[in-house]
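Written out below as structure tokens is the structure these notes cover.
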Amino acid sequence: MPRDRNTMWAMVHAERAALADDLAGLDDSGWARRSLCGEWIVEEVVAHLTAAASLGRWRWLASMIGARFDADLHNRRRLAEHSGASPAESLENFRAIIPSTTAPSGHTGAWLGEVVVHAQDIRRPLGLTYLPSVSTVTEVARFYASKDFAVNSRTAVRGLRLEATDGPFTAGAGPLVTGTTLALTMAMAGRSAYVADLDGPGVSVLRGRLATEAGNPTP
């Protein structure tokens, strides 16, 4: 059963705080490391998270209209707005939005997914070991399996049976794909690096679908 919105926002805040703590130990080379999110480096992903937590519905809509609904242009403008003059300032900007409940829509599961997925986009290339709780990631997995919103997650796993090996998450029917809740979630978010963490006869189908999106994960 989905959690109430207050609980979900508490999860968002906890994941932002955990990421900020991880970022505090990075040197300049870490901040410049390429993430799992397309061409973005770590500092750009952090600025994106700051921007997403700073735009309500109408400011987001105004930004998209100003960009003629070009999501890439919208993102570049918001990155420029929320990037600091240095990594330390970018981290300070991010820390300031940790308690924010501002979002472009009321889809709280999507904004929990935003920080869970982008945090792993950062951590995996850097070898950082923090993992969100299974209960937190289960909320994101359920949201991603139920609809395409921000990422084409439901489409990616259509016709497949997903079963988490570390928690209660299951979804769909068809060839089986098993793995941790986090690996399943990251794969649904288009992160092909996590396919290696999955097992089952449906993995080859999922791998093929993600390959068509390679290099273009939706921020």
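Because only heavy atoms are used, hydrogens play no part in the values below, and waters and symmetry mates are left out as well, while side chains stay in.
Using a 30° and 60° split on the angle between ring planes, Phe143 and His107 fall in the perpendicular class, above 60°.
In this structure, the separation between CE on Met188 and CG on Leu160 is 11.0 Å, given to the nearest 0.5 Å. Between the CZ atom in Arg158 and the CG atom in Leu206 there is a gap of 13.5 Å [rounded to 0.5 Å]. For the atom pair CZ of Arg16 and CH2 of Trp111, the computed distance is 10.5 Å after rounding to the nearest 0.5 Å. In this structure, Leu126 CG and Leu128 CG are separated by 5.0 Å, a value rounded to the nearest 0.5 Å. One finds the CE atom of Met186 at 10.5 Å from the OG1 atom of Thr180 (value rounded to the nearest 0.5 Å). To the nearest 0.5 Å, atom CG of residue Leu198 and atom OG of residue Ser204 are 11.5 Å apart.
Across all non-hydrogen atoms, the minimal contact from Ser105 to Phe149 is OG-CZ, 3.5 Å. In terms of heavy-atom proximity, Val116 sits nearest to Pro132 at CG1-CG, 4.3 Å. Of all the heavy atoms in Pro201 and Pro175, the pair that sits closest is C-CB, 4.2 Å. The minimum heavy-atom distance linking Ala141 with Thr185 is given by the pair CB-OG1, 3.3 Å. Between Pro168 and Arg142, the closest heavy-atom pair is CG-NH2, 3.9 Å. Shortest non-hydrogen contact noted between Ala53 and Thr102 is O-CB, 3.4 Å.
Side chains of Val157 and Tyr144 form no contact here, defined as non-hydrogen atoms less than 4.5 Å apart. A heavy-atom distance below 4.5 Å is not found between the side chains of Leu131 and Val137. Using a 4.5 Å heavy-atom threshold, the side chains of Pro99 and Trp9 count as separate. Within the 4.5 Å cutoff, no side-chain heavy atoms of Met8 are placed close to those of Thr101. Residues Arg191 and Cys37 have side chains in contact (heavy-atom distance under 4.5 Å, counting atoms from C-beta outward). Between Val177 and Glu163, the closest side-chain pair of non-hydrogen atoms is not below 4.5 Å. Between Glu44 and Ile41 there is a side-chain heavy-atom pair separated by less than 4.5 Å. Looking only at side-chain heavy atoms (C-beta outward), Val195 and Leu210 come within less than 4.5 Å of each other.
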Worksheet item: Going through the distances and angles, do Ser54 and Ile97 end up as a side-chain contact (heavy atoms from CB on, under 4.5 Å)?
Response: CA-CA 7 Å; Ser54 304; Ile97 58 85; 3.7 Å; yes

Fill in: Step-by-step side-chain contact (heavy atoms from CB on, under 4.5 Å) determination, Val46 to Ile122
CA-CA 9 Å; Val46 173; Ile122 289 169; 3.8 Å; yes

Worksheet item: Should Thr155 and Asp148 be marked as a side chain to side chain donor-acceptor pair (under 3.5 Å) after you check the CA-CA gap, both sets of side-chain angles, and the distance that decides it?
Response: CA-CA 7 Å; Thr155 297; Asp148 290 337; 2.5 Å; yes

Practice prompt. Give the intermediate values and the outcome of side-chain contact (heavy atoms from CB on, under 4.5 Å) for residues Ser86 and Trp31.
Written response: CA-CA 10 Å; Ser86 66; Trp31 281 96; over 6 Å; no

Discussion item. Please evaluate residues Arg124 and Asp197 with respect to the criterion salt bridge (Lys or Arg N to Asp or Glu O under 4.0 Å), reporting the C-alpha separation (whole Å), side-chain torsions for both, the decisive distance (0.1 Å), and the verdict.
Written reply: CA-CA 13 Å; Arg124 185 144 172 156; Asp197 300 346; 2.8 Å; yes

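Paired with Tyr130 under the rule side chain to side chain donor-acceptor pair (under 3.5 Å), one option of Gln120, Arg123, Glu15 passes, and it is Glu15.
For the residue pair Thr136 and Ser133, a side-chain donor N or O sits within less than 3.5 Å of a side-chain acceptor on the partner. A side-chain N or O of Asp4 and one of Thr7 form a donor-acceptor pair less than 3.5 Å apart. Judged by distance alone, the side chains of Thr178 and Asp199 never bring a donor and an acceptor atom under 3.5 Å apart.
Hydrophobic clustering, with ILVMFWY side chains joined whenever heavy atoms are under 4.5 angstrom apart, keeps Leu162 apart from Val134. Linking ILVMFWY side-chain heavy atoms closer than 4.5 Å, directly or via other members, places Val42 and Ile98 in two distinct hydrophobic clusters.
Arg161 contributes no side-chain N or O that, together with a main-chain N or O of Gly174, makes up a donor-acceptor pair within less than 3.5 Å. In this structure, Ser90 contributes its side chain and Ala47 its backbone to no donor-acceptor pair below 3.5 Å. In this structure, the side chain of Arg34 does not engage the main chain of Trp40 through any donor-acceptor pair within 3.5 Å.
In this structure, the side chain to side chain contact (heavy atoms under 4.5 Å, CB included) partners of Ala164, at least two apart in sequence or on a different chain, are Asp166, Phe169, Thr181, Leu184.
Within a 6.0 Å sphere centred on CD of Glu92, other residues, nucleotides and ligands contribute 12 heavy atoms or fewer.
Counting only residues at least two apart or on different chains, the salt bridge (charged side-chain N to carboxylate O under 4.0 Å, His left out) pairs with a member in residues 93-111 are Asp21-Arg95.
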